[in-house]
Amino acid sequence: MKLYTLTWLLLLPAPALAQQQRADSIHPLAEVIVTANKFEEKSRYVAQKVEVIPFHTIENSLSGNTGGLLEQTGKVFIQRSQMGGGSPVLRGFEASRILLVVDGVRMNNAIYRTGHLQNVITIDDDITEKVEIIYGPASTIYGSDALGGVIHFQTKKPVLNAFKSTLSTRFNSGSNEFTGHADVNAGGKRFASLTSFSYSRFSDQRQGARRNKDDGGWGLRNEYITTINGRDSIVKNSNPNIQRFSGYKQYDLLQKLLWQPREGSSHLLNLQYSTSSDIPRYDRLTDLRNGALRWAEWYYGPQERLMAAYQYRNTRLRGFFDQLLLGASYQDIEESRMQRAYRKPELESRVENIQVAAFNADLRKSKGRSELNVGIDGQFNFLESTAFFTHTGTQVKTEGLDTRYPDGGSTMHYTGAYMQHLYKIIPGKLILNDGLRVNYVTLNSRFTDTALLHLPFTGASQQNVTYSANAGLIYLPDVKSKLTLGFSTGFRAPNIDDIAKVFESAGGAQLVVPNPDLEPEQTFNFDLGLSRLFGNILYAEVNGFYSIFRDAIVLDRFTFNGKNEMLYNGELTPVVASQNKAKARIMGFQGAVSLQPAEGLRVYSHITFTHGRYTGADGKDVPMDHIPPLFGKTGVNYRWKWLESEAYALYNGWKKVKDYNPSGEDNLQYATQEGMPSWCTLNLSATFTLHPKLKAQAGLENVLDEHYRVFASGIGSPGRSLVLKLRASF
């Protein structure tokens, strides 16, 4: 029996019950502090739907990376093309259409694609202190890309007048994962330092063996390609549930320095570095051509992210404004893709190096019934793209390979100014949120070698001025209730990946070519939310939304140099390009219920449903891609003295073939003939407080060893797994 059907009876999610409050505590909406408007604010006064993953939840998570942390909440849908990844989806938007932020710094850059992204795993979940998820357009505050929402990761901060350290280690039998983490805080009266290091090693992931009767051989890794005596050979897999060539390693470093010269004034230097081993692109390694495995090698090179950020905060500013937040950051990011066809001697390597400089200046004024936030921000992207062949025998590198992005280099710059206002029409009862932003974006790309594709141009450039706005009303009839009604707009300026990319897509089925004539995408969103605490034991919440998506950028058939097919890599390939050819409507709801009948006991359930349809240039409606099926989480949590235990189910509904986008990013080739089957996993976990400074955790995930894949994913999810974690603090 699929548990997702039971969720309709239990109804919908536990709010983030911050710090796991007891049933007799104050309503959580009065306590949760969020930074959705840059400065700290009670969530009670924010009209937009904001979900908080608090430190207690993060600390007790048994996930292997940050993508898993989000997934295990049951409130964010995660797609995976390989084990070393995790692409979040918010309200039917994914990748470059949602904004990732770490410690106030935009992670999205000029080559974030609209498909699936694994960049979220470069944030170390073992040093993350809090995650804020803003649902719906947030472009007024955050600018471009925040169409579906914002995921803001906040890492731990240095603490003054304290010396403490944390050590933890984790083992997961499903992938033979080993993770080790250590962080040290050393703080004096005015200066503090926080140092963190994490290392993770994952072997090949084992998928579940308990298969549905209709699965057949779907998802089995029956054979793989390996090199024997210098020659590619296809060999049989001794255990088809072991997904050969899916493991990887990752390293994360963080250093923060805090100087607080006086009360209310602080300077923070934030250094982060994340890198990995090569990460196999598992789905591509299972691709077939003429009935045989196509790729001998297909992997991402080490995903490197270096960030240096400075932040100045003054909460006792003299003059008209009360608070000031200044920031400047620099990121150096390298990504690469390597692929080699079966028994081909040359490995193709495409390397992207993007450097991103950014700044922000934000001010707040609080007086009487009003709060006013104003700010300016900017981000400057500089991209260099290279490509080369490497002979697998001689290791000699040669040129002549086309780059993924323009080989002459590209730049893309965002600048914007915003105003966000909060007015207490009736203090404690009726609150107005409203705001406005103006944004200016420029893009320039240069093509040096046009011989391969015979491009009719040597460059692509754009300048866009875009506006966004929001308005929301909050009605608070009493301290236990909240009713919100909101309107917001979002935009996404076409980036280098949209306009100037050249690559082979969908397993070689089509060739994506540049299109410099794109315009920004825009959304217009309406929200309605209601939450209520009944008798201090039952909390219920429901949020509905309706979004209008205009000038949507979609891949579609394209005529290039007068031809709709081109010879590429020796194959006559259909030509497609990104185009503003669609409008769409997306609607759905999120719901939650949490029941605490006794101290220490909590029963909860939450669910998300999304429906989206594109209207193409021909006037026909087709399913929108990136729309997840019904998904959620239902569980029971019990706390007693030194024990905290939980039993929960994670589940997804069916995604039938008729609901797949015919030319989008839903990866139907990695599903069954009927689509992606529904699934449900049963999971158990327990945390034992052995000593105030020592905790042990144990979990049994996917207890029934179910075989399943998450919608749009190209790798099977883990089978039955024993997870052990030990955490000590000093």
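For the numbers below, each heavy atom of this structure counts, side chains included, while hydrogens, waters and symmetry mates do not. Quantities reported herein were computed from a predicted structural model and do not represent experimental measurements.
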Would you find a donor on one side and an acceptor on the other, under 3.5 Å apart, between the side chain of [X] and the backbone of [Y]?
X    : Y    : answer
Q303 : S336 : no
N109 : V356 : no
S87  : I78  : no

Can you list everything that forms a side chain to side chain contact (heavy atoms under 4.5 Å, CB included) with [X]? Sequence neighbours excluded, please.
X    : result
Q255 : S193, T195, L257, L271
D322 : K365, S366
N464 : Q462, T466, P494, P520
A712 : Q79, H116

Note: [X]-[Y] ion pair, threshold 4.0 Å (strictly below):
X    : Y    : answer
R313 : D362 : no
R364 : E371 : yes
D527 : R91  : yes
R350 : D402 : yes

* Asked: By side chain to side chain donor-acceptor pair (under 3.5 Å), which residues pair with Y312, not counting sequence neighbours?
  ->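 So Y312 forms a side chain to side chain donor-acceptor pair (under 3.5 Å) with S265, N314.
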* To do: Identify, with sequence neighbours excluded, every residue that meets side chain to side chain donor-acceptor pair (under 3.5 Å) alongside R281.
  =>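 By the side chain to side chain donor-acceptor pair (under 3.5 Å) rule, R281 matches D283, Y300.
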* Establish, yes or no, whether the cationic atom of K482 lies under 6.0 Å from the six-membered ring centre of Y45 and within 45° of the ring axis. =>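 The answer is no; the distance or angle limit is not met.
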Any side-chain heavy atom of [X] within less than 4.5 Å of one from [Y]?
X    : Y    : answer
T155 : F153 : no
S266 : L258 : yes
V131 : V52  : no
N439 : Y414 : yes
R492 : S96  : yes
I586 : R613 : no
I127 : D252 : no

Tell me every residue that passes salt bridge (Lys or Arg N to Asp or Glu O under 4.0 Å) with [X], counting only those two or more places apart in sequence or in another chain.
X    : answer
E71  : R80
E129 : K157
D434 : none

* Apply ring-ring contact (aromatic ring centres under 6.0 Å, His included) to F549 and list each qualifying residue two or more places apart in sequence or on a separate chain. =>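 Listed in chain order: F93.
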* Who are the ring-ring contact (aromatic ring centres under 6.0 Å, His included) partners of F191, not counting sequence neighbours? ->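 Partners of F191 by the ring-ring contact (aromatic ring centres under 6.0 Å, His included) criterion come out as none, since no residue qualifies.
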* To do: Could you walk me through whether F526 and Y546 pass the ring pair (Phe, Tyr, Trp, His ring centres under 6.0 Å) test, one step at a time?
  => CA-CA 5 Å; F526 302 88; Y546 183 87; 7.0 Å; no
* Asked: Which salt bridge (charged side-chain N to carboxylate O under 4.0 Å, His left out) pairs, counting each pair once, include a residue from residues 110-122, with sequence neighbours left out?
  ->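 Salt bridge (charged side-chain N to carboxylate O under 4.0 Å, His left out) check on residues 110-122 returns no pairs.
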* Evaluate whether atom OH of Y467 has more than 12 neighbouring non-hydrogen atoms of other residues, nucleotides or ligands under 6.0 angstrom away. =>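 Count not over threshold, so no.
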* To the nearest 0.5 Å, how far apart are OG1 in T35 and CG in L325? ->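 Going from the OG1 atom of T35 to the CG atom of L325 covers 10.0 Å.
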